[in-house]
Amino acid sequence: MPELPEVETIKRTLSPLLKGRLIKEIKVGLGKLLLPGEKEFIARVAGRRFLDLKRKGKYLICLLSGGTAVIVHFRLTGQLIYVNGQKPLPPHTHLRFFLDRGELLYVDLRQFGRLEALAAKDLKDHPQLKELGPEPFALNERDFYGLLQKSSRPLKALLLDQKVISGLGNIYVDESLFRAGLHPKRPGKELSLPEASRLLAVIKEILAEAISDGGSSVRNYVDGQGQRGRFQEKHRVYGRRGKPCPRCGQTLAYTKIAQRGTHFCPACQK
DNA sequence: GGGCTCCTGGAT
DNA sequence: ATCCAGGAGCCC
């Protein structure tokens, strides 16, 4: 589910609601979501306050009092939703964090997401976070060109690889390659510097637009207040297989690359 | 690198 | 009944 713009939106919507809040009690419906384990997670987190929220790639990082941190990875269908007042719980609510004001729910239809409690000082040594490549916003044209030059893998696979560049997922890779006019199967090392520069520019542009539109809600995604995003209305290729290309009118194609459904225009993307 | 796996549910 | 889904860890 959430890619960089969605996690950023979750962070922005939850921050004002959670900062300073005390976690009074945690009710666990599905303990396998918790690392290093249910008991240890509760021991580390219960009784702490939210101090700040950060984002790294597609990871949300909650900094708590007492030098504690919680890393949230939503995978495909995870949601963190703040509620205040008694409404019926959403289906697939697996965790409830009772706060001194309101409640934070972790909801996850497919149960792939994970929440990990650890000492904040250990964040820098975390095996997944440590391996993340640079964020698009932190890259310049030369560095990005250098990253692509190192591999003959298809652009689609390269951009999805969080160790190469962090934050992009299936939607934003397909949308970026379309706007850049690049075929998803093009090997990275074949790109010229101008092509790489253009690709990086459209990636930054699309991510910024998607953030300002509150992310893309294709099916499940909602922000920290349960609101859907609006950027899906601006998708030009993702989820539009068989429809006419918005640029040239030719039928949009669909194929599998790196085991992921891939949408593109066979005429516009070379 | 590419397959399989973890899950539930919607579309066809 | 079958395929597909905003992800990525683990296995050759």
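Source: prediction; values computed, not measured.
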Chemist: Expressed as a whole number of Å, how far does the P atom of C:dC10 sit from that of B:dC7?
Modeler: 15 Å
Chemist: What nucleotide among B:dG1, B:dC7, C:dC4 has an atom nearest to a side-chain atom of A:Arg153?
Modeler: B:dG1
Chemist: Test for a donor-acceptor pair under 3.5 Å between the base of C:dG6 and the side chain of A:Glu6, counting only N and O atoms.
Modeler: no
Chemist: Name the residue closer to the 5' end of DNA chain C, choosing between A:Gly261 and A:Leu160 according to the nucleotide with the nearest heavy atom.
Modeler: A:Gly261
Chemist: Which of these nucleotides, B:dC7, C:dG7, C:dG9, is closest to any side-chain atom of A:Gln128?
Modeler: C:dG9
Chemist: Looking at the rings of A:Tyr238 and A:His263, which for Trp means the six-membered one, are their centres under 6.0 Å apart?
Modeler: yes
Chemist: Please determine, for the side chain of A:Gln111, which listed nucleotide (B:dT8, C:dG7, C:dG6) has the closest atom?
Modeler: B:dT8
Chemist: A:Tyr238 near the nucleic acid: base, sugar-phosphate alone, or nothing, with a heavy-atom cut-off under 4.0 Å?
Modeler: sugar-phosphate
Chemist: How does DNA chain C look in dot-bracket form if you count Watson-Crick and G-U pairs under 3.5 Å, write [ ] for pairs that cross, and put | where a base pairs with another strand?
Modeler: |||||.||||||
Chemist: Syn or anti for C:dG9? Use the chi torsion, O4'-C1'-N9-C4 for purines and O4'-C1'-N1-C2 for pyrimidines, with syn inside 90° of 0.
Modeler: anti
Chemist: What nucleotide among B:dC7, C:dG6, C:dA8 has an atom nearest to a side-chain atom of A:Phe112?
Modeler: B:dC7
Chemist: Where the side chain of A:Tyr254 is concerned, which of C:dG6, C:dG9, C:dC4 is the nearest nucleotide?
Modeler: C:dC4
Chemist: Among residues at least two apart in sequence or on other chains, which ones pass side chain to side chain donor-acceptor pair (under 3.5 Å) with A:Glu103?
Modeler: A:Arg96
Chemist: Would you mind telling me which of B:dG9, B:dG2, C:dG6 lies closest to the side-chain atoms of A:Leu109?
Modeler: B:dG9
Chemist: Out of A:Ile10, A:Leu17, A:Leu14, A:Ile81, which one pairs with A:Gln225 under the side-chain contact (heavy atoms from CB on, under 4.5 Å) rule?
Modeler: A:Leu17
Chemist: By nearest nucleotide on DNA chain B, pick out whichever of A:Arg219 and A:Pro154 is the more 5' one.
Modeler: A:Pro154
Chemist: Which part of the nucleic acid, if any, lies within contact of A:Lys256, taking any heavy atom under 4.0 Å across all strands shown: a base, the sugar-phosphate backbone alone, or nothing?
Modeler: sugar-phosphate
Chemist: Base, sugar-phosphate alone, or nothing: which one does A:Gln259 contact when heavy atoms must sit under 4.0 Å apart?
Modeler: base
Chemist: Is there a side-chain polar atom (N or O) of A:Lys58 under 4.0 Å from OP1 or OP2 of C:dG7?
Modeler: yes
Chemist: From the set B:dG1, C:dA5, C:dG6, return the single nucleotide nearest to any side-chain atom of A:Arg110.
Modeler: C:dA5
Chemist: Can you tell me, in whole Å, how much space there is between the P of B:dG3 and that of C:dC4?
Modeler: 14 Å
Chemist: What interatomic distance, in whole Å, is found between P of C:dC3 and the corresponding atom of B:dC4?
Modeler: 13 Å
Chemist: Considering only the C1' atoms, how many Å lie between C:dA1 and B:dC6, rounded to the nearest integer?
Modeler: 22 Å
Chemist: Does the ring of A:Tyr254 carry A:Arg241 above it, NZ/CZ under 6.0 angstrom from centre and within 45° of its axis?
Modeler: yes
Chemist: Among B:dC7, C:dG9, C:dG6, which is the nearest nucleotide to the side chain of A:Asn220?
Modeler: C:dG6
Chemist: Please give the distance between the P atoms of B:dA11 and C:dG6 as a whole number of Å.
Modeler: 15 Å
